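See structure below.
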Number of protein chains: 2
Amino acid sequence: MPNATIRDVAREAQVSVASVSRALNGHERVRPELRARVQAVAARLGYVPHAGARSLSLARTSVIGVVLPDLHGEFYSELLRGMDREGAAHKLALLLTVLQDGRGLNTLAALRGQVDGLVVMAPQLGAAELRAQLPAGLPAVFLNCVPELTGAALRVDNAAGAAAMVDHLVAGGACAIAHVAGPVGNVDAEERRYGAIVAAERAGVALTVIEGDFTEASGVAAGAQVARGAVRADALFAGNDAMAIGALVALKRHGIAVPAQVRVAGFDDIPLARLVTPALTTMQVDIAALGARAVQLLARRITAPAEGLVQVGPAEAEAIVPRLVVRDTTTETDRERQS
Amino acid sequence: MPNATIRDVAREAQVSVASVSRALNGHERVRPELRARVQAVAARLGYVPHAGARSLSLARTSVIGVVLPDLHGEFYSELLRGMDREGAAHKLALLLTVLQDGRGLNTLAALRGQVDGLVVMAPQLGAAELRAQLPAGLPAVFLNCVPELTGAALRVDNAAGAAAMVDHLVAGGACAIAHVAGPVGNVDAEERRYGAIVAAERAGVALTVIEGDFTEASGVAAGAQVARGAVRADALFAGNDAMAIGALVALKRHGIAVPAQVRVAGFDDIPLARLVTPALTTMQVDIAALGARAVQLLARRITAPAEGLVQVGPAEAEAIVPRLVVRDTTTETDRERQS
DNA sequence: ATGTTACGTGTAAACGGTTACATCAACGAC
DNA sequence: GTCGTTGATGTAACCGTTTACACGTAACAT
C-alpha cells in the first residue's frame, strides 16, 4: 500500500485519529510531547493528508481555477507567474484550463466541484455566454472581460492607454496616425481602438483605422499599406506589439525610416519590444502584477464569508492603467542615426 | 445551499443514489427512461459531482501536477499549451506549481494527495535532491532532468543538437567557434556545451567557451569579447537564443557584420529568433509537442496498472532531437547584402 | 406451478479526513 | 471527601461518491 492514512499514523503513534488531526493541523489543545510524537510518526510513514477527503470535510479545496484563452506567448507565462506567486502566499494551488474553441463549455461547469474560485480571462466571450457557462455561486474574478458581469472585475484600462499613446505621438509632431486595430469582438482590441479614435479627435489629428488581427502578419500588411502610401500617415500605432513589430519589418523592407519618416508604437510591452531595432515605444502593463492582483482579490472573496467583513457585492471593479514606455521608434536616438 | 448533491438528485428523481450515479456515469444496466429522467433532474438542479468525494471513492483525482522552474518567457506557455491539449484529451486537469528557490520543497510533497501523477521539469536540481522531495510511488515523467532518475524521462537531445549546429557552422566555413555556454549546473546548458566541444574536436576546428548564464546580458558581454578580439572567432554559437540575440546586438554595436564577419547561432528557436535582423539561425524544439508527449507518457503510466499491459519499468527514456533552422545569421542572403 | 436466469434497482459500507461531543484524569475549593 | 473546573484525549458522526451485494420482478424452461 503506497499511501499511509491518518489511521495508520494514529495506530503507530498510539493515539486516536482526532489527536493526529489536531497535532498536525496546529490545534491549541495538544500536549507538545504528543504533537512531537505524532509529527515524527507522520514523517516516518511519509503521511500526506488525502486532499479529497479533506476537501470533503472542510468544504474547501484550496485550489483555484484559472481559465485562460488559447495560450500564446509570454503574456500568459507572466500572468501565471504572478498568479502562482500570489497563490502560494495564500496556500492556493492553480488549476489551469485553456478555453479552446469547442471545448471548455462543459469543462468549465465541471470545475465547480473542484475549485474554491475562478479567475477567468476570456476576452472573446460575451457576458451572456460567459454567465451561462459559469458555475453559479462560485467566487470569480474576471480579467479583461466585458464589464457587465457580476463578480469582481479587473481590467487593463486599454482606452486610457491608447489615448496616452496617441497624445504622445501628437506631442512628438504626428499629424496623421494610422491605427492598426485588433480583431473585432476582442474587448482589448476594441477598447484600444476606441481610445485611439477619441484621443485623435480631441487632439484634432487625422486617424485612419487599418483592420488587423493581433498577428504579426497583419502588422506586416498594415505596414506595407502605409509604406506604399495606400494609407497616408506619419505615425503608426498598432493595437499590440506583435503587429507593431510586423509593421516595423514591412516599413524597413520598403526602405521607410523609423522613426524619421514614420513613427511606430505598439501596446503590451512584450520583452521583444525592447530588442527589435529600433526599440519599440509601447504601453507597458505589469502583467505579473495583474495576475497577482486577480488572485489576491479572489482569495479575499473566498475567505470573505468566513470573516464576514469584506464586502463581496457585485460591483468590485478595478482598472490598471498601463504606463507609456518611450523607446526609439518614436524618438530619434544616437543609435538610430548611426545605423 | 449552493450545491446540489447526488442525494438531492435522487430524491427529486425518485430513485436511489446508486441509480443516479450509474445513470450519470454511463453504466450499462440502467433503463434508458430512468437515465433520461435522472439526467434531466441533474441538469435542472445544476448538479455537479463533488470532485473530492469522487476522488475519495475512486482513488484517483484526474488531476496531474506540473512542476516547473521559475516561469519566464514563451517557452513555458508553449509547454503548458501542449500539456493542456494532451491533458484535455485524457480528461486530466493540470495543477501548476512553480518551483521557486526556497519553497517548493514541502509544496512538492503536499502534491501527493492531490494528483495522480507528476510532470517535473527541474533542470537546476540534482537527482538526489529531487528524489528526496518527490512523493514515492507517484507516477512521474521528468523533463530535461538529470538522467539517473527512476520514472519516465523525456529530454531534448541537447548534445546532438549542439553537435548539429557546430557541423552546420563548420560546413559554412567556420574555423574558430566561440561557444557561449549557459550556467554551470543547468543540465541543458551542460549538454549543449558538451555536444559543441565534442563536435568541434571531431571536426578539427578550434572552440573557445565563453561562460554565460542564459540571459541576454551575458550574450551581450560575450558578443563584445568576440568583437574586441579578446576571443578570436569567426562564428559564435550561443547556448540559447536569448544570449545569441544579445551577442547580435553587441556585434552590431561594434560594427561587426553578421554573418559576413562572424556567423551567429542560437538554440531554442524562440519566436523572437525569426524577427531579429538578421534572422537568427537556431535549433528548433517543438516545445508544445514536448509537453504533450510528457502528458501522454504520464497518462499511460497512470492507467497502466489498471490495464496491466504497458511496461512501467524505470527505464523509459526518450530524447527529442531538435531541428536545425537555418536563417540569415549563418548565410548571406539578398536582404542581408542590401542592408 | 416451480426453479432458474437475467436484469434493474435499492441498501449500506467503504474511502480519509475533521470536529462536536463525551470521557477522563488531575487539581483546587469547599 | 466531594464537587466543580479545566484541559487533554478518544469516540463516532458526517462530508458526497461509488459499488459490492442483496433484493424484487419478469421471462422462460422445466
Side-chain angles (χ1 to χ4, degrees), chain A residues 1-39 41-42 45-63 110-116 135 137 306, chain B residues 1-39 41-42 45-63 110-116 135 137 306:
Chain A
M1 296 299 96
N3 284 13
T5 76
I6 196 173
R7 277 172 243 277
D8 298 331
V9 178
R11 183 168 4 90
E12 204 81 2
Q14 319 235 32
V15 293
S16 72
V17 290
S19 294
V20 174
S21 179
R22 282 188 285 253
L24 296 179
N25 293 330
H27 263 252
E28 305 269 286
R29 303 290 157 80
V30 182
R31 224 168 5 128
E33 174 217 287
L34 189 152
R35 183 187 305 269
R37 191 166 85 232
V38 168
Q39 284 172 337
V41 172
L45 298 185
Y47 167 72
V48 177
H50 187 290
R54 191 171 223 167
S55 97
L56 198 51
S57 264
L58 294 176
R60 35 179 208 89
T61 62
S62 294
V63 174
L111 278 176
R112 169 186 257 221
Q114 208 155 167
V115 300
D116 292 339
Chain B
M1 296 298 97
N3 283 13
T5 75
I6 197 173
R7 275 174 246 278
D8 298 332
V9 177
R11 185 169 0 91
E12 204 80 2
Q14 319 234 29
V15 293
S16 73
V17 290
S19 294
V20 174
S21 177
R22 282 188 286 251
L24 296 179
N25 292 331
H27 262 252
E28 305 269 286
R29 303 291 157 79
V30 181
R31 229 176 354 139
E33 175 216 289
L34 188 152
R35 184 189 304 269
R37 189 165 87 232
V38 168
Q39 283 173 337
V41 172
L45 298 185
Y47 166 71
V48 177
H50 187 289
R54 189 170 226 168
S55 97
L56 197 51
S57 255
L58 293 176
R60 31 176 214 95
T61 62
S62 293
V63 174
L111 278 177
R112 169 187 255 222
Q114 207 155 169
V115 301
D116 292 338

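Just so we're clear, the structure is a prediction, and the values are computed from it rather than from any experiment. First the proteins, then the strands, lettered A, B, ... as listed; each starts at 1.
The shortest distance between the side-chain N/O atoms of A/S19 and the OP1/OP2 oxygens of D/dT9 is not below 4.0 Å. Listed pair A/Y47 / C/dG16 fails the phosphate criterion, with no side-chain N or O lying under 4.0 Å from OP1 or OP2. Checking the phosphate oxygens (OP1, OP2) of D/dT17, no side-chain nitrogen or oxygen of B/S21 falls inside 4.0 Å. One finds a side-chain N or O of A/R31 lying less than 4.0 angstrom from the OP1 or OP2 phosphate oxygen of D/dT9.
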Please tabulate, for the side chains in residues 51-59 of chain A, all donor-acceptor contacts under 3.5 angstrom to protein atoms that are two or more places apart in sequence or on a different chain.
| unit_1 | atom_1 | unit_2 | atom_2 | d |
| --- | --- | --- | --- | --- |
| A/R54 | NH2 | A/N25 | OD1 | 2.8 |
| A/S55 | OG | A/G52 | O | 3.2 |

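Between A/E33 atom CD and D/dG7 atom P there is a gap of 19 Å when expressed in whole angstrom units.
If you check every strand for non-hydrogen atoms under 4.0 Å, B/T5 touches sugar and phosphate atoms only. When heavy atoms are screened at a 4.0 angstrom cut-off, B/V48 is found touching the sugar-phosphate backbone but no base atom.
With hydrogens and angles left out, the side chain of A/R7 and the base of C/dG17 share a donor-acceptor pair within 3.5 Å. A donor-acceptor contact under 3.5 Å is not formed by the side chain of B/R35 with the base of C/dG8.
At distances below 3.5 Å, at least one donor-acceptor pair connects side-chain atoms of A/R37 with backbone N or O atoms of A/A13.
Taking every side-chain heavy atom of B/H27 into account, D/dT19 is the closest of D/dT11, D/dT19, C/dT18.
Looking at A/D8 and A/Y47, their side chains never come closer than 4.5 Å, going by heavy atoms from C-beta outward.
Applying a 4.0 Å cut-off to non-hydrogen atoms, the residues of residues 49-62 of chain A that approach DNA chain C are A/P49, A/H50, A/A53, A/R54, A/L56, A/S57, A/L58, listed by residue number.
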